[in-house]
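All remarks here apply to the structure that follows.
Computed from heavy atoms alone, side chains included, the values below leave out hydrogens, waters and symmetry copies. Naming convention: chains lettered A, B, ... in sequence-line order (proteins, then strands); numbering from 1 in each chain.
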Amino acid sequence: MSHRTIHLFRKGLRLHDNPVLLGALCSSAALFPVFVLDERVCVGALRCRFILQSLEDLDSRLRALGSRLYVLRGSTLAVLGDLVTRWAVTQISYDTEVEPHHARVEQEIRALAEERGLHTHTCVSHTLYDVRRIIQAAGGSPPLTYRKFLHVLSALGEPEKPCRDISAEDFLRCPTPPDHQLAFGVPSLADLGLEVQSAVLWPGGETHALQRLHTHFQSQGWLASFSKPRTVPNSLLPSTTALSPYLSVGCLSARTFYRRLSRVYAQAKNHSLPPVSLQGQLLWREFFYTVASATPNFTKMEGNPICLQIDWYHEPESLEKWRTARTGFPWIDAIMTQLREEGWIHHLARHAVACFLTRGDLWISWEEGMKVFEEFLLDADYSLNAGNWMWLSASAFFHKYTRIFCPVRFGRRTDPQGQYLRKYLPVLKNFPSQYIYEPWKAPEDVQVSAGCIIGKDYPCPMVCHIEASQRNLALMRQVRTEQQKTAELTRDVADDPMEAGLKRELQEEEELLEGAEPCSKSKRVSGSADHKSRPSGWPPEVT
DNA sequence: TCGGAGTTGATTGT
DNA sequence: ACAATCAACTCCGA
């Protein structure tokens, strides 16, 4: 076969372990590497910068092999339809992705191919396994706990091996047509109307990804003994690999990383295991991809069958304080600052701010937090972001909601001097360590000599953590009791519709007596005024 | 119906 | 630093 092929890059911005591109090259006399920049690529400026850098890198790696990357703007389908005609294309290749937006585009591509009589070439290479195989092996529905997930995987065996790197020879039979003009170059951030002030800590691209990977593999002992809960959320340099941004756009292949870890484990006397090991982290990624692929409305609460239905508060001002690092809790604000400026924060730091926003303190929907993370995280990912937000808000997967992170003590445990806080919140840098996690408790003279008056130079804490978390705990208990009742009713309906009807009437009567609104469709705790009111005396007067 | 497990709490004591 | 204790929820399998 000698096709004229468009290889559509979406994720998978790499030339190592890229089986679809390799396969397409083998069957092509000409191949056009294409990336379509649509508005979804430019959600946040930091991430957009990262993606543009990744495209630049891909282009220069392709150039080294005698090819070029063609970057176009518009909708994928419209761009492809146009290029197919212009370049007399006979085949389109692309990685199969599971998230709804990408799946929709794939459907459109298949329809286009059908209409124009084109070949398509595709398979999965973003995850360790094709998650459809996992779901099949699990009997049709995804496992909702990690252990069960691992159990299902044990029946599937090891993930597929990464394929060989693509070399110049692979491109020999398909030279770049001479019409690669300025029009197909990678645009700058400014071209897209975006601007970023902060320095580049995580330069995008396969080259950087492989360099970072290489550096980590110099410390094989560290890789083998890696244990996630033991890593420190507030170290000044990442205590984990921080390869997630590269994995998220496929600058680094999860299969390559996994395989290389297997080799290290084989050499090590003993090594850590999932869930805490490094391979365990890749399997967490796989876990959330699997569940997300089989759950409708995975990034929403409503219509999401695995998500607890909660009447979260609608408090735009509180949300904005959290988003812009003005909660008054240095631990929370430092993390949000690192997130906004650098685009990467440690997993446990994500726990801290997510718990604070949702079930811990503010009782604001995890969807709001998810959107903020989507805007700022370099590694923002449809499945992982939503999955972890549901986890942390105890909406799904995780149920021990009585375990609430304390926004003062959690950070202090691993950084009692508050170095991390001083770095990201310089306004607090002169506070004595004793007060730096709760500066509002510092006497006036201490505040004066630190050059930072609480309530003026740095905000007062926006809530009383003890009171808020106790109130939220009670709310959560209520939600779950209500939901349990509904579940019982639903079960009864299946058993005995008549009796269940009676029971429901009785229950509604009860609720009317209590002054609660009967709500037959979905049981939610009412976010009534007494829950919403903040304790009067708070925030404390600044003396 | 009961007991054990669930990726990583907080506090207190050694 | 590590262990025991606290107080405690949901799900699942026996």
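A donor-acceptor contact under 3.5 Å is not formed by the side chain of A:His351 with the base of B:dT7.
A stacked arrangement is not assigned to A:Tyr146 and the six-membered base ring of B:dT7, the conditions of a centre distance below 5.5 Å and an interplanar angle below 30° not being jointly met.
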Inset, instruction - Step by step, work out the salt bridge (charged side-chain N to carboxylate O under 4.0 Å, His left out) result for A:Glu368 and A:Arg323. - result: CA-CA 10 Å; A:Glu368 298 299 334; A:Arg323 203 182 90 95; over 6 Å; no
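When all heavy atoms are compared, the tightest approach of A:Arg14 to A:Gly250 is NH1-O, 3.1 Å.
Among the protein residues, A:Ile404 comes within range of the sugar-phosphate backbone only, with heavy atoms under 4.0 Å from sugar or phosphate atoms but none that close to a base. Counting any heavy atom pair closer than 4.0 Å across all strands shown, A:Arg412 reaches no nucleic acid atom.
In this model, the phosphate group of B:dG6 is not approached by any side-chain N or O of A:Arg403 to a distance below 4.0 Å at OP1 or OP2. For the pair A:Arg230 and C:dC2, the criterion of a side-chain N or O lying under 4.0 Å from OP1 or OP2 is met. One finds no side-chain N or O of A:Arg409 lying less than 4.0 angstrom from the OP1 or OP2 phosphate oxygen of B:dA10.
Closest to the side chain of A:Arg480, from the set C:dC9, B:dA10, B:dT8, is C:dC9. When the nucleotides C:dC9, B:dA10, B:dT7 are ranked by their closest atom to the side chain of A:Cys406, B:dA10 comes out on top.
Between A:Phe329 and A:Phe356, the distance from one ring center to the other falls under 6.0 angstrom.
Screening A:Gln419, A:Arg422, A:Arg412 for a side-chain contact (heavy atoms from CB on, under 4.5 Å) with A:Ser433, the sole residue that qualifies is A:Arg422.
Rounded to whole angstrom, the span from the CZ atom of A:Arg147 across to the P atom of C:dG13 amounts to 15 Å. To the nearest angstrom, P of B:dA10 lies 11 Å from CD1 of A:Ile466. As a whole-Å value, the separation of A:Leu273 CG from B:dT7 C1' is 13 Å.
For C:dC12, the paired nucleotide is B:dG3, the pair qualifying as Watson-Crick or G-U wobble because both relevant distances are below 3.5 Å.
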